[in-house]
Amino acid sequence: MSDTTEARVMSEARVGTVASTVKSPFMNEENTTKYTSLVFPGLTLERKEDHLLLAFPSEVDGLSSAVYGGGMIRLTRAVNLFVNQDYECSDPVRDMENKLREWGYPAAGCAGLMTAVPLELAAIAEEDIGSAAIFCCVTSAAGNAARAGVVRPVLKAYQPGTINIMLGIDGQLSPAAMVNAAMTAVEAKAAALADLGIVDTENGLTATGTPTDAIVLGVSQSRRYHAEHVYAGTATDLGGAIGRLVYGAVTTSLQSMQARKDG
């Protein structure tokens, strides 16, 4: 299946006042397994048997909260591992290391996330804003939605992230702008949950995420746009695009997951 055909497998996520074109390339009769970015040259997302593989064309600056390979590191790939709801999560780092060896991926330069969301429900949104190109992939469900800022039970062990965001930006960002980009993405995720009316089941308040959400950001630092971003808040072109793409992808992924449950 061609990339052009894949690009037609899309939906319009329209909630609140924001509209963003979102693709679900792995939900089709052709059983598509690989998507090539239309805006970030050489970036690919593959649906494997038990994981999503986001492969960068070359090493990028990374920032993530991933259970494996988190922090500020140099990245060449990110994986989103599918695990069952009853996954025994006492040592997720060891489990991810074992999986990387099984798949034949070098441990260095890899960020590893975990999800209980069926991989074919991954939602993709991307945009070239003229000074950078942004690729966004989200897997999400809200069965354990939670609100930040209130007292709630504390998890004693790691559990697979329910809303996982993988961002790739082709362009130049300062370290501060990278942190700002992650902040904007999380704000957009919370806005999507609010507009969908998703609440924390512990208290009935509007949810802002789940207890185990994760994000990974990879920035190429390419000079092809001849611009460096030092901010990525919602009032900037970059931050505005990040917000739209994450909002749309989270919305579509959550709606797809709900439709699967209802189906």
Side-chain angles (χ1 to χ4, degrees), residues 7 10-25 35 37-41 43 45 54 56 60-65 72 75 78 122-140 148 163-198 206-209 213-256:
M10 59 180 64
S11 63
E12 289 292 326
R14 296 184 182 275
V15 180
T17 60
V18 177
S20 179
T21 299
V22 182
K23 307 166 188 176
S24 299
Y35 178 83
S37 173
L38 303 177
V39 301
F40 192 140
L43 183 145
L45 180 73
L54 179 67
F56 295 96
V60 299
D61 285 348
L63 171 68
S64 85
S65 62
M72 298 191 73
L75 287 175
I124 293 172
E126 53 185 347
E127 183 177 338
D128 188 323
I129 62 171
S131 60
I134 307 112
F135 173 93
C136 173
C137 173
V138 171
T139 54
S140 59
I163 301 178
N164 285 344
I165 300 170
M166 297 193 293
L167 283 173
I169 299 178
D170 187 28
Q172 285 185 276
L173 274 69
S174 69
M178 290 179 62
V179 176
N180 208 178
M183 289 174 57
T184 299
V186 173
E187 290 174 7
K189 173 194 69 176
L193 291 171
D195 287 350
L196 287 169
I198 294 173
T206 300
T208 56
D213 292 348
I215 185 171
V216 58
L217 166 66
V219 179
S220 70
Q221 303 299 2
S222 166
R223 297 177 180 271
R224 75 184 179 104
Y225 288 98
H226 306 291
E228 181 181 16
H229 296 270
V230 295
Y231 304 107
T234 51
T236 65
D237 288 346
L238 178 61
I242 291 170
R244 291 191 300 273
L245 298 176
V246 172
Y247 180 98
V250 169
T251 298
T252 294
S253 184
L254 285 170
Q255 290 174 334
S256 296

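Side-chain atoms are counted along with the backbone in the values below, which use heavy atoms only and exclude waters and symmetry mates. Heads up: numbering here begins at 1 and tracks the sequence.
Taking every heavy atom of both residues into account, Tyr225 and Val39 meet most closely at OH-O, 4.4 Å. Here the closest heavy-atom approach between residue Ala177 and residue Ala232 is recorded as O-CB, 3.6 Å. Scanning both residues, Gly209 and Leu193, for their nearest heavy atoms gives N-CD1, 3.2 Å. Nearest heavy-atom pair, Ala122 versus Cys137, reported as atom, atom and distance to 0.1 Å: CB-SG, 4.1 Å. When every heavy atom of Pro25 is checked against every heavy atom of Tyr35, the shortest pair comes out as CB-CD1, 4.0 Å.
Within the 4.5 Å cutoff, no side-chain heavy atoms of Asn164 are placed close to those of Val138. Looking at heavy atoms from C-beta onward, Leu167 lies out of side-chain contact with Phe135 at the 4.5 angstrom threshold. Side chains of Asp170 and Gln221 form no contact here, defined as non-hydrogen atoms less than 4.5 Å apart. Between Gln172 and Val219 the shortest side-chain heavy-atom distance does not fall below 4.5 Å. In this structure, Asp61 and Leu217 have side chains that are not in contact, with every pair of non-hydrogen atoms separated by 4.5 Å or more. Within the 4.5 Å cutoff, the side chain of Pro41 has heavy atoms near those of the Arg224 side chain. Contact check for Ile124 versus Cys136: no side-chain heavy atoms found under the 4.5 Å cut-off.
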- Task: Quick one: do Thr21 and Glu127 satisfy side chain to side chain contact (heavy atoms under 4.5 Å, CB included)? Show the steps, please.
- Result: CA-CA 10 Å; Thr21 299; Glu127 183 177 338; over 6 Å; no
- Task: May I have the step-by-step check of side chain to side chain contact (heavy atoms under 4.5 Å, CB included) for Leu43 and Leu54, ending in yes or no?
- Result: CA-CA 7 Å; Leu43 183 145; Leu54 179 67; 3.5 Å; yes
- Item | Test log, rule side chain to side chain contact (heavy atoms under 4.5 Å, CB included), inputs Thr184 and Lys189 | CA-CA 9 Å; Thr184 299; Lys189 173 194 69 176; over 6 Å; no
- Check the pair Ile134, Glu126 against side chain to side chain contact (heavy atoms under 4.5 Å, CB included), reporting the backbone distance first and the verdict last. CA-CA 5 Å; Ile134 307 112; Glu126 53 185 347; over 6 Å; no
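For Thr251 (side chain) and Ala192 (main-chain N/O), no donor-acceptor pair under 3.5 Å exists by modelled atom type. Under a 3.5 Å cut-off, the side chain of Thr252 and the backbone N or O of Ala123 do not form any donor-acceptor pair.
The OG1 atom of Thr234 sits 11.0 Å away from the CD1 atom of Ile242 when rounded to the nearest 0.5 Å. Between Thr206 atom OG1 and Leu196 atom CG the span is 11.0 Å, to the nearest 0.5 Å. The OG1 atom of Thr236 sits 7.0 Å away from the CG atom of Asn180 when rounded to the nearest 0.5 Å. Here the CG atom belonging to Leu173 is positioned 11.5 Å from the OG atom belonging to Ser222, to the nearest 0.5 angstrom. Taking CD1 of Ile163 as the start and OG1 of Thr139 as the end, the distance is 9.0 Å to the nearest 0.5 Å. Taken from CD1 in Ile169 to CZ in Phe40, the straight-line distance is 9.0 Å, to the nearest 0.5 Å.
A donor-acceptor pair shorter than 3.5 Å can be found between the side chains of Ser131 and His229. No side-chain donor from either of Glu187 and Tyr247 sits under 3.5 Å from a side-chain acceptor of the other.
Counting heavy-atom neighbours within 6.0 Å of Tyr231 OH, excluding the residue itself, gives a total of 12 or less.
Between Arg223 and Glu228 there is no salt bridge, since no side-chain N of the basic residue sits under 4.0 Å from a carboxylate O of the acidic one.
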